[in-house]
Amino acid sequence: MRKLYVIGIGAGDPDQVTVQAIKAMRRVNVFFVIGKGAEKQELVDVRATILAEHADQPHTVVEIADPPRDRAVPASRADAAYQGAVSDWHEARAELLEHAFAETDGVGAILVWGDPSLYDSTLRIVERVLERGRITFDYEVIPGITSVQSLAAAHRMVLHEIGEPVHITTGRKLREEGLTPGQSTLAMLDADCSFTQLPGDDIHIWWGAYLGMPDELTIEGPLRTVEHDIVRRRAALRESKGWIMDIYLLRRV
């Protein structure tokens with residue numbers, strides 16, 4: 001039976017790859033990389049750097065072009081059109097992975113930014129491939145360092161106050177729900193700088209972009225004091241690189 005590893009590789013720093021992940025990489029014959037176009041070629045290049053440093057056995061890399069997703073549909077879990085657009089995207093991804101994996105023998109792997117369990121669709125795609133029933137394989141998930149942990153390390157902070165929870169959410173949900181009293185809120189997948197829409201002068205922010213990569217940038221301070229600087233610098237970085245990955249923690253103080 002074919003074997004597939006789904007390997008979390010951290011936020012971009014080759015030194016964040018775990019020993020367990022390195023051992024798994026060295027059992028692999030073919031690595032599948034889902035590319036996201038020329039603008040995000042750097043994300044593919046980082047994976048290549050990680051493989052060059054940690055995978056010392058003969059192997060091949062198969063790049064799979066990420067199929068387009070209908071971005072015109074509003075992002076709302078309650079919206080059937082949005083759910084349908086995401087489902088269609090996942091199905092297209094599953095078909096491409098199925099075809100690529102069927103063309104190979106031995107042990108394969110997918111390298112996943114951060115950890116496969118947190119705001120990533122890879123495990124759902126792998127399950128779809130199995131549900132299609134055209135190929136069979138066993139798969140194993142290797143956890144990775146998340147951008148959440150990288151943010152906390154970069155700012156030398158604890159994500160929550162003593163005995164309190166930390167809430168992980170998206171920019172869209174943050175706009176809809178705001179901050180919950182008594183807990184820290186960590187926002188991911190926020191293309192709209194949703195923190196600017198929060199009321200109050202008692203919010204502190206810890207923000208980071210390109211965590212674990214050479215261009216890593218962090219900003220921290222009272223939200224009303226630093227929010228305009230974050231928005232400005234984020235826009236400039238996205239313009240110059242063509243893409244951005246950022247994350248931030250908010251806390252009322």
Side-chain angles (χ1 to χ4, degrees), residues 4-28 30-36 39-57 59 61-64 66 107-126 139-160 166 168-170 184-190 205-220 230 233-234 237-238 241-249:
L4 180 70
Y5 287 99
V6 181
I7 305 174
I9 57 171
D13 185 346
D15 289 343
Q16 288 183 353
V17 178
T18 68
V19 173
Q20 184 183 21
I22 293 170
K23 288 180 178 179
M25 286 181 196
R26 291 176 177 173
R27 302 185 190 110
V28 172
V30 56
F31 292 90
F32 302 102
V33 175
I34 298 178
K36 295 180 177 291
E39 283 189 344
K40 296 185 178 180
Q41 179 61 36
E42 186 176 0
L43 299 178
V44 175
D45 295 341
V46 171
R47 289 184 175 94
T49 298
I50 288 172
L51 288 177
E53 182 161 338
H54 297 306
D56 54 5
Q57 80 286 3
H59 63 266
V61 177
V62 175
E63 187 169 342
I64 302 172
D66 197 19
V107 180
I110 304 173
L111 304 182
V112 177
W113 284 102
D115 181 86
S117 69
L118 186 62
Y119 287 113
D120 185 84
S121 63
T122 303
L123 294 180
R124 294 187 180 99
I125 305 306
V126 170
Y139 75 95
E140 183 175 341
V141 180
I142 308 297
I145 301 297
T146 68
S147 59
V148 175
Q149 295 159 285
S150 293
L151 180 74
H155 284 288
R156 299 181 297 181
M157 65 176 300
V158 178
L159 292 170
H160 54 83
V166 58
I168 301 177
T169 188
T170 64
S184 302
T185 297
L186 197 143
M188 305 176 68
L189 305 178
D190 184 9
I205 186 170
W206 293 263
W207 175 84
Y210 309 114
L211 293 167
M213 302 180 71
D215 296 325
E216 177 177 296
L217 175 66
T218 59
I219 297 175
E220 173 263 332
I230 293 174
R233 300 186 74 174
R234 185 185 189 280
L237 287 166
R238 194 184 190 288
K241 293 174 70 69
W243 63 278
I244 190 166
M245 291 195 297
D246 63 335
I247 183 174
Y248 56 87
L249 183 86

Would you name the heavy atoms of [X] and [Y] that are closest together and state the gap between them?
X	Y	answer
V148	M188	CG2-SD, 4.2 Å
Q20	P143	OE1-CD, 3.6 Å
V107	R27	CB-O, 3.4 Å
V46	M213	CG2-CE, 3.5 Å
V28	A109	CG2-CB, 3.6 Å
M245	L43	CE-CD2, 3.9 Å

For a 4.5 angstrom cut-off between non-hydrogen side-chain atoms, does [X] reach [Y]?
X	Y	answer
E216	D13	no
L51	L111	yes
D120	D115	no
R47	V61	no
I247	L211	yes
L249	M157	yes
Y210	W243	yes

| task | Would you check, one step at a time, whether the test side-chain contact (heavy atoms from CB on, under 4.5 Å) holds for L159 with L186? | result | CA-CA 8 Å; L159 292 170; L186 197 143; 3.8 Å; yes
From [X] [atom1] over to [Y] [atom2], what is the distance, rounded to the nearest 0.5 angstrom?
X	Y	atom1	atom2	answer
I230	E220	CD1	CD	9.5 Å
L189	T169	CG	OG1	9.5 Å
I219	L217	CD1	CG	5.0 Å
I168	T146	CD1	OG1	7.0 Å
L118	Q149	CG	CD	9.0 Å

Between the main-chain N or O of [Y] and the side-chain N or O of [X], is there a donor-acceptor pair closer than 3.5 Å?
X	Y	result
T18	A21	yes
H59	F31	no
E53	D15	no
S147	S150	no

| query | Is it true that Y119 and W113 have ring centroids separated by less than 6.0 Å? | reply |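 No, too far apart.
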| request: Check whether more than 12 heavy atoms from other residues, nucleotides or ligands sit under 6.0 Å from atom CZ of R26, and answer yes or no. | output: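 Correct, the count exceeds 12.
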| query | Looking only at side chains, do W207 and D246 share a donor and an acceptor under 3.5 Å apart? | reply |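 A donor-acceptor contact under 3.5 Å links the two side chains.
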